[in-house]
Amino acid sequence: MLDVAHDLLGRRLVRLLDGQRISGLIVETEAYRGEEDLACHARAGRTPRTAVMYGPPGQAYVYFTYGMHWLLNCVTGPEGFPAAVLIRAILPQEGLEVIAARRAGRPRRAWCNGPAKLCQALSIDGSHNDSPLWDSTGALWLEKGQPITEEQIKYTPRIGIDRVPEPWRSIPWRFVMNGTLNEQG
DNA sequence: CGCCCGATGTGCT
DNA sequence: GCACATCGGGCGT
């Protein structure tokens, strides 16, 4: 739901890879909710791919697109209602050497400033689909990060859905923490 | 800087 | 068949 997209901002996304923590603060999210939301994958109803979104909240919904990219979502409630929050950008915090290696040749600001980039940086793929993001004993989870205030959040339409009809194309369900996307870190 | 476009596999019509 | 919740390189301004 929208409050989850809001709450995820400022939280820390943690990946345990070869025993090492790799993490970053979430600074950009988007909400997708319901079969009536024509930008949401669940617009086609319940299918093998979208089944996770109909399940309990707190699970990862990881899908493959454009023939080469993985994207990470957090499923939101209530159970039975298909909705998820896309994690679009993080600010790298831990495991910087690993991130730099996985994003070789790119400037730091381009390490994790996109939904597919952060999945590449943290080695997130389909094996993490339907895994619990509240379980800190797993390979991928969310932690309390840094509390943020309402004034720090910018609301805009969602990205990359230009072919979706109104009102869905323009509804401001993208959430950005002010002044974070272009930081050098 | 901005716009354009190719890459490349999968899910759904 | 075709669209796709993207990315990065190329080229023009």
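Quantities reported herein were computed from a predicted structural model and do not represent experimental measurements. Here is how names work: the chains are called A, B, and so on, in the same order as the sequence lines, proteins then strands, and each is numbered from 1.
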Using Watson-Crick or G-U wobble pairs with both distances under 3.5 Å, give me DNA chain C in dot-bracket, 5' to 3', with [ ] for crossers and | for pairs to another strand.
||||.|||||||.
Shortest non-hydrogen pair, A:Leu71 vs A:Pro115, comes out as CG-CB, 3.8 Å
Starting from P on B:dC12, measure out to CG on A:Leu38 and report it in whole angstrom.
16 Å
Assign each of A:Cys40 and A:Gln120 the nucleotide of DNA chain C bearing its closest heavy atom; nearer the 5' end lies the nucleotide of A:Cys40
Reckon A:Arg106 has a side-chain N or O less than 4.0 Å from the OP1 or OP2 of C:dG8?
yes
Assign A:Arg169 to base, sugar-phosphate, or nothing according to its heavy-atom contacts below 4.0 angstrom with the strands shown.
nothing
Between A:Arg103 and C:dG8, is there a side-chain N or O to OP1/OP2 distance below 4.0 Å?
yes
A:Val62 and A:Asn129 have their tightest heavy-atom pair at N-OD1, 2.9 Å
Those residues that, when tested against A:Ala139, pass side chain to side chain contact (heavy atoms under 4.5 Å, CB included) (two or more places apart)
A:Arg15, A:His128
In whole Å, I'd like the distance from the CD atom of A:Glu28 to the P atom of C:dA5.
16 Å
Produce a footprint string for nucleotides 2-11 of chain B: one letter per nucleotide, 5' end first; B if the base is under 4.0 Å from any protein heavy atom, S if only the sugar-phosphate is, - if neither.
-----BBBSS
May I ask you to say what A:Ile161 touches in the nucleic acid, namely base, sugar-phosphate or nothing, with a heavy-atom cut-off under 4.0 Å?
sugar-phosphate
Side-chain donor-acceptor pair present, A:Tyr61, A:Gln59, cut-off under 3.5 Å
no
Round to a whole Å and report the spacing from CH2 of A:Trp111 to C1' of C:dC7.
18 Å
How far apart are the C-alpha atoms of A:Gln120 and A:Arg102, what are their side-chain angles, what is the distance that settles it, and do they pass the side chain to side chain donor-acceptor pair (under 3.5 Å) test?
CA-CA 7 Å; A:Gln120 186 194 1; A:Arg102 297 189 60 83; over 6 Å; no
Minimum heavy-atom separation for A:Ala42 and A:Met53, please, with both atom names.
N-CE, 3.8 Å
Nearest-angstrom distance from the residue atom CZ of A:Arg102 to C1' of C:dG8
18 Å
Gap between atoms NE2 and C1', on A:His41 and B:dT13 respectively (whole Å):
15 Å
Taking any heavy-atom pair under 4.0 Å as a contact, classify A:Ala116: base, sugar-phosphate, or nothing.
sugar-phosphate
Is the phosphate of C:dA3, meaning OP1 or OP2, less than 4.0 Å from a side-chain N or O of A:Arg163?
no
Round to the nearest Å and state the distance from A:Lys117 atom NZ to C:dG9 atom C1'.
13 Å
Can you identify which nucleotide, out of B:dC12, C:dT6, C:dC4, has its nearest atom closest to the A:Pro48 side chain?
B:dC12
Stepwise, does the side chain to side chain donor-acceptor pair (under 3.5 Å) test hold for A:Glu143 with A:Trp141?
CA-CA 7 Å; A:Glu143 293 180 349; A:Trp141 68 93; 3.1 Å; yes
Centres of the A:His41 and A:Tyr63 rings: under 6.0 Å?
yes
Reading DNA chain C from 5' onward, which residue's closest nucleotide shows up sooner: A:Ala110 or A:Gly160?
A:Gly160
At their closest point, which heavy atom of A:Leu72 faces which heavy atom of A:Ala60, and how far apart are they?
CD1-CB, 4.0 Å
Whole-Å distance separating the CG atom of A:Asn73 from the C1' atom of C:dC4
14 Å
Is NZ or CZ of A:Arg158 both nearer than 6.0 Å to the six-membered ring centre of A:Tyr32 and within 45° of the ring axis?
yes
Between C:dT6 (C1') and A:Arg174 (CZ): distance, integer Å
14 Å
